[in-house]
There are 2 protein chains.
Amino acid sequence: MLDPISRVRRFNRAVTSAVGALDTSFLGRGRPLGAARVLNAIGHGRSDVADIRDYLGLDSGLMSRLLRSLEEEALVETEAHHDDARRRVATLTRSGRREFAAYEALSNAQAEGFLAQHSQREALLAAMDLIASTLTRERIALDEMDPRSAEARHCLGEYYAELGRRFSQGFDVSRSRDPDAKDMRRPRGTFIVAMSDTLPIGCVGLKGTDHGYAEVKRLWVAPSARGLRLGRRLMEAVEDAARDLGITLLRLDTNSALPEAGQLYRSTGWREIPRFNDDPYPDLFFEKRL
Amino acid sequence: MLDPISRVRRFNRAVTSAVGALDTSFLGRGRPLGAARVLNAIGHGRSDVADIRDYLGLDSGLMSRLLRSLEEEALVETEAHHDDARRRVATLTRSGRREFAAYEALSNAQAEGFLAQHSQREALLAAMDLIASTLTRERIALDEMDPRSAEARHCLGEYYAELGRRFSQGFDVSRSRDPDAKDMRRPRGTFIVAMSDTLPIGCVGLKGTDHGYAEVKRLWVAPSARGLRLGRRLMEAVEDAARDLGITLLRLDTNSALPEAGQLYRSTGWREIPRFNDDPYPDLFFEKRL
DNA sequence: CAATATCTCTGACTATAGTCAGATATCATG
DNA sequence: CATGATATCTGACTATAGTCAGAGATATTG
């Protein structure tokens, strides 16, 4: 009754029936689920027909018919792709947007209803994040992004906040050697964000210097994504990027208040070296030759 | 991207596709999902046809046909109910049990595969428990049970373990006035267990005494079920049971190291009174007139 | 014991999802 | 510009799930 497998299966049962309830509420709008799914995919910004088909895993014949039924309802319009007339592009009409908004309202109401069940909202959300990250683990994409992008800035903000909580003396970015964004852009360096669906859940930066090495900076993994070995994946990705940029020597600094980081570096071929900068926060320094 | 609603919806998407994957693996056994569900319901001990139909929400015509198809496969046998020949009772044949075991193996493998994604198994399981309890909140049943039943003993074990963690001096049941099980059975008292599906997730005892009052004892809610206001529901149930037994005065003791308990009592009509026993653990005493 | 209720079953039907083989239009390439 | 590749569409088909009206057997009740 309490073994791990039973607990997972209890979770499966609970969640299956909740998912079914949402489908039922969608059916309440008088449209088969297939058509509703296509409408929602378009509403969420997918316009290329092949893309929608791929996303929803539909056969091209079925997809075509679903689109036709949405067109008959005057919810969707299709036109040829502007530079490949074989492809079709779907957009919502005015009433299509209204109908999409109604589905969104149903989804949002269901989500709110769920949150309202619990008096400790944040704990519930953290549990959901943890499970969502675990389930989508194999679909987490590591994308190179501009360090000034919204996704990167989100990660950096969380990273600084966490340092502030974990360092006994707090953390003030301005006292640290804030890496200039341009040093973390190709060709000097790069910045990699781990994306789970549209949610940034981790990052790492590679900062070019003029001293014969590049620095790995800002390695961070969202609390909900810890335990998924994402730190390791990010480090592998940043090392690959460095190799790609022709960099042969990497350095990084960290703090012994972050033991899981030191642990990771030591177990992946990094060698501890003496202090190589005068940043006030780090007390541990590593180097790796590629 | 990070507002609560989006987080819930990200969770929904992740979980929907995981559920779909399990369905697909079930289809791999060459049988439609409807038939597989009936087979599994029987395998899990549901034998009464009406009960299965009700559990799976099936129309009687559809149910009948699904049973027929399982009979044709020689996986299921049906016979008349022994004291109502209108009802039918389904049982698995030898090969039905084999096939059921194969489905169980698929479910278990999926559950194990999920757990294997994460290096902090217990955190993942705790998150799943929390969500499963929240989703099934409205189906949590409060059942009167024997305090010696497996369910009750499970709850009590967890309760004592938690007291041990929360009291600075630890907790040793034998030093406390261990309430005799017979005082927590009708007609002297009762014992109520909160069941989520087959999982006990909370309890409370009503212990009859010969001093003109009854005591509320052993109020416990599983960590995964906290925040669902289950403590409140258990207290209401135990007060109802006391009224039902003609009891007019209730007392209880607790400890200030359990602030959420004291909070609950104060907000539900309990009045603090002076110490009324010599148990070494409690330091707060309450009374409520029904 | 007749009337009524309950349980299961059968036949006839619909809706949805999905498959598959071409047909058609367009694009890319030598 | 012929050829093959690609994207979409149509028609014809199947499987599954589900609905509904009644039939037949059995149980319950006044």
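Here the structure is a predicted model, which means the values were calculated and not measured. Labels below follow one simple rule: chain letters A, B, ... track the order of the sequence lines, proteins then strands, and each chain is numbered from 1.
Side-chain contact, A:S196 with A:S133: no donor N or O sits under 3.5 Å from an acceptor N or O. A donor-acceptor contact closer than 3.5 angstrom links the side chains of B:S6 and B:D3.
B:E79 places its CD atom 13 Å from the P atom of C:dC9, with the value rounded to the nearest Å. One interatomic measurement links the two molecules: CG of A:L56 to P of C:dG18, which rounds to 10 Å at whole-angstrom precision. Between the CD atom of B:E71 and the P atom of C:dT8 there is a distance of 13 Å, given to the nearest Å. Remark: P of C:dA17 and CE of A:M63 are 13 Å apart, rounded to the nearest angstrom. At whole-Å resolution of the value, CG in B:D48 and C1' in C:dT6 are 13 Å apart. Computed from coordinates, the B:L58 CG to C:dC9 P distance equals 13 Å when rounded to whole Å. Atom-to-atom, CD1 of A:I52 to C1' of D:dA7 comes out at 14 Å; the value is rounded to the nearest Å. To the nearest angstrom, C1' of D:dT14 lies 14 Å from CG of A:L62.
Along DNA chain C, the nucleotide nearest A:A85 and the nucleotide nearest A:G57 are compared for position; the residue whose nucleotide lies closer to the 5' end is A:G57. For the pair A:D83 and A:D59, nearest-nucleotide mapping onto DNA chain C gives the more 5' position to A:D59.
Not a single donor-acceptor pair, N or O on each side, falls under 3.5 Å between the base of C:dT8 and the side chain of B:R86.
A sub-4.0 Å separation between OP1 or OP2 of D:dA7 and a side-chain N or O of A:R88 is absent. Listed pair B:R87 / D:dT26 fails the phosphate criterion, with no side-chain N or O lying under 4.0 Å from OP1 or OP2.
Looking at heavy-atom distances under 4.0 Å, A:R31 makes no contact with the nucleic acid at all. Using a 4.0 Å heavy-atom criterion, one finds that B:R65 contacts the bases of the nucleic acid, with or without backbone contacts as well. In this structure, A:R37 reaches neither bases nor backbone, as no heavy-atom distance under 4.0 Å exists between it and the strands shown. Nucleic acid contact for A:D84: sugar-phosphate only, since backbone atoms but no base atoms lie under 4.0 Å from a heavy atom of the residue.
Distance from the side chain of B:R68 is smallest to C:dC9 among C:dT8, D:dA17, C:dC9.
Ion pair B:R88/B:E79 not flagged as a salt bridge, since none of the NZ, NE, NH1 or NH2 atoms sits closer than 4.0 Å to an Asp/Glu carboxylate oxygen. Of the charged side-chain nitrogens involved, none lies within less than 4.0 Å of a carboxylate oxygen, so that B:R94 and B:E77 do not count as a salt-bridged pair. Between A:R229 and A:E236 no salt bridge is recorded (no basic side-chain N to carboxylate O distance below 4.0 Å).
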